[in-house]
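The figures that follow rest on heavy atoms only: side chains count, while hydrogens, waters and symmetry mates do not.
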Amino acid sequence: MDLDKYQADHVCYRTDFIEHYSTLIDALKSDEEFSLLVESEFGGRPIATFKHMTPIGVVSDGVTRKIDAIEIPSLKSGSAYSFRA
């Protein structure tokens with residue numbers, strides 16, 4: 001599949017426990033570089049999306065694409081992923 005015609009519109013940063021989610025959301029809300037677009041419950045867990053005032057440059061095949069949205073989901077109940085060793 002040729003993905004060149006598609007562009008990512010956001011990055012996702014997963015958190016592995018609700019305290020991590022809450023701490024990160026509070027930090028981004030207080031940072032002038034980020035603007036909260038939406039925070040809602042989806043699939044039984046909170047998810048927040050922020051706009052970053054300085055887009056992240058992602059280079060692919062010599063082309064730099066700018067991504068300014070960051071999605072942060074809390075861990076979904078019963079999910080198998082974890083970042084803890």
Side-chain angles (χ1 to χ4, degrees):
M1 175 183 225
D2 181 10
L3 299 178
D4 286 341
K5 61 184 174 182
Y6 299 102
Q7 180 174 336
D9 64 350
H10 72 284
V11 294
C12 179
Y13 182 91
R14 290 180 176 187
T15 58
D16 64 347
F17 55 100
I18 191 66
E19 295 83 8
H20 183 204
Y21 172 85
S22 298
T23 299
L24 183 56
I25 296 305
D26 289 344
L28 293 179
K29 283 180 178 177
S30 67
D31 189 321
E32 292 180 3
E33 279 292 308
F34 295 90
S35 174
L36 179 64
L37 298 175
V38 64
E39 183 175 20
S40 60
E41 191 167 307
F42 183 80
R45 64 180 168 169
I47 297 178
T49 303
F50 288 84
K51 178 181 174 101
H52 192 282
M53 300 308 164
T54 307
I56 299 166
V58 178
V59 179
S60 176
D61 294 328
V63 176
T64 301
R65 296 186 169 104
K66 306 278 185 184
I67 299 174
D68 65 356
I70 300 171
E71 177 184 82
I72 302 168
S74 179
L75 180 65
K76 188 173 187 175
S77 179
S79 179
Y81 78 80
S82 178
F83 302 111
R84 295 177 185 227

ring-ring contact (aromatic ring centres under 6.0 Å, His included): pairs with one or both residues in residues 41-68, sequence neighbours excluded: F34-H52

Side chains of [X] and [Y], heavy atoms from C-beta outward: is any pair under 4.5 Å?
X: L28; Y: I72; result: yes
X: I25; Y: E39; result: yes
X: T15; Y: L75; result: no
X: P46; Y: I18; result: yes
X: E71; Y: V11; result: no

By side chain to side chain contact (heavy atoms under 4.5 Å, CB included) - contacts of V38 (at least two apart): S40, T49

Hphob cluster co-occupancy, L36 + I70, side-chain heavy atoms under 4.5 angstrom: yes

ILVMFWY network linking M53 to Y13, side-chain heavy atoms under 4.5 angstrom: no

Cationic N near anionic O, under 4.0 Å, K51 to E33: no

Over all atoms of both residues, closest heavy-atom pair of T64 and G57: CG2-CA, 4.0 Å

For K66, all residues meeting salt bridge (Lys or Arg N to Asp or Glu O under 4.0 Å), sequence neighbours excluded: none

Short side-chain to backbone donor-acceptor contact, S22 and E19, under 3.5 Å: no

Between CG on residue D68 and CG on residue L37, distance to nearest 0.5 Å: 8.0 Å

Interatomic spacing from CG in L24 to CZ in R14 - rounded to 0.5 Å: 14.5 Å

